[in-house]
Amino acid sequence: MQDRKKKEGESMLGNAKVATRLPAKDLNRARAFYSEKLGLEPVEERVGGLRYVCAGGEFAIFISAGMQSGTHTQMGWEVENIEATVRELRTRGVEFEEYDLPGLKTVDGIAEIAGNYPSKGIGERGAWFRDSEGNLLGIGQPT
């Protein structure tokens, strides 16, 4: 009986949609950033929150008094052409992070990352930027 319950629980989550939640101190400022800088408009609003839908998932921004850590990628998009995406976002005023760490160095905002999930390719190229609320967001392109 225990094994059956475990399998049911795993399949319920394995078949469920996944959605990211990002905290914001100022929802109006966040909405302006996502609209003006990323070209995204919410599909739904509620008091204290905005919901966005992209081709492969969705995310919500919610009012929070907590601190955004900004120390790790909180949400990312997989794109077909990272150079074109970075170039387009820069024309909208997005500023990309630059890193020079052991195993991670960006050149003009883009890092070559060795290794990847085998089904995705042999590596990945990545770029990161912060939203208006300090959330660290990423863009990746499998290679």
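Just so you know, these numbers use all the heavy atoms, side chains as well, and skip hydrogens, waters and symmetry mates.
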Is there a continuous path of hydrophobic side-chain contacts, each under 4.5 Å between heavy atoms, that joins Leu136 to Ile113? yes
Just so I know, are the side chains of Phe96 and Asp108 near enough to count as touching, which here means a heavy-atom distance under 4.5 Å? no
Check: Pro23 main-chain N/O paired with Asn135 side-chain donor or acceptor under 3.5 Å: yes
Which residues pass the side-chain contact (heavy atoms from CB on, under 4.5 Å) test with Pro142, not counting sequence neighbours? Glu78, Asn116, Lys120
Would you say the side chain of Leu104 lies within less than 4.5 Å of the side chain of Trp128, judging by non-hydrogen atoms? yes
Is Gln141 reaching over with its side chain to a backbone N or O of Glu80, donor-acceptor style, under 3.5 angstrom? yes
Do Glu45 and Arg51 have side chains that get closer than 4.5 Å, going by heavy atoms? no
Do Phe33 and Ile63 share a hydrophobic cluster (ILVMFWY, side-chain heavy atoms under 4.5 Å, transitive)? yes
Testing the basics here: between Arg21 and Phe59, what is the closest heavy-atom pair and its distance to 0.1 Å? NH1-C, 4.4 Å
Heavy-atom pair with the smallest gap, counting every atom of Ala30 and Ile61: CB-CG2, 4.1 Å
Can you find a pair of side-chain heavy atoms, one from Leu27 and one from Leu50, that are under 4.5 Å apart? yes
Between Pro42 and Arg31, is any pair of side-chain heavy atoms under 4.5 Å apart? yes
If you measure from the Lys or Arg side-chain nitrogens to the Asp or Glu carboxylate oxygens, is any gap between Arg92 and Glu88 under 4.0 Å? yes
Ignoring hydrogens and geometry, is there a side-chain-to-backbone donor-acceptor pair from Thr106 to Ala111 under 3.5 Å? no
What are the two closest heavy atoms between Glu95 and Phe129, and how far apart are they? O-CB, 3.4 Å
Less than 4.5 Å apart, any side-chain heavy atom of Leu137 and any of Trp77? yes
Nearest atoms (heavy-atom pairs only) where Ile139 meets Ile82: O-CD1, 3.6 Å
Please check if the side chain of Lys37 supplies one atom and the backbone of Leu89 the other of a donor-acceptor pair under 3.5 Å. no
Residues Glu133, Arg29: salt bridge by 4.0 Å N-O rule: yes
Student check: side-chain heavy atoms of Leu22 and Tyr34 closer than 4.5 Å: yes
Should the pair Lys105-Glu98 be classified as a salt bridge under the 4.0 Å nitrogen-to-oxygen rule? no
Crowding at CG, Leu101 (>12 non-hydrogen neighbours, <6.0 Å): yes
On a heavy-atom basis, which atom in Ile110 and which in Ala127 lie closest, and how many Å separate them? CG1-CB, 4.4 Å
Do Val86 and Met75 land in one hydrophobic cluster if side-chain heavy atoms of ILVMFWY residues count as linked below 4.5 Å? yes
Using a 4.5 Å cut-off on heavy atoms from C-beta on, say whether the side chain of Thr143 contacts that of Arg125. yes
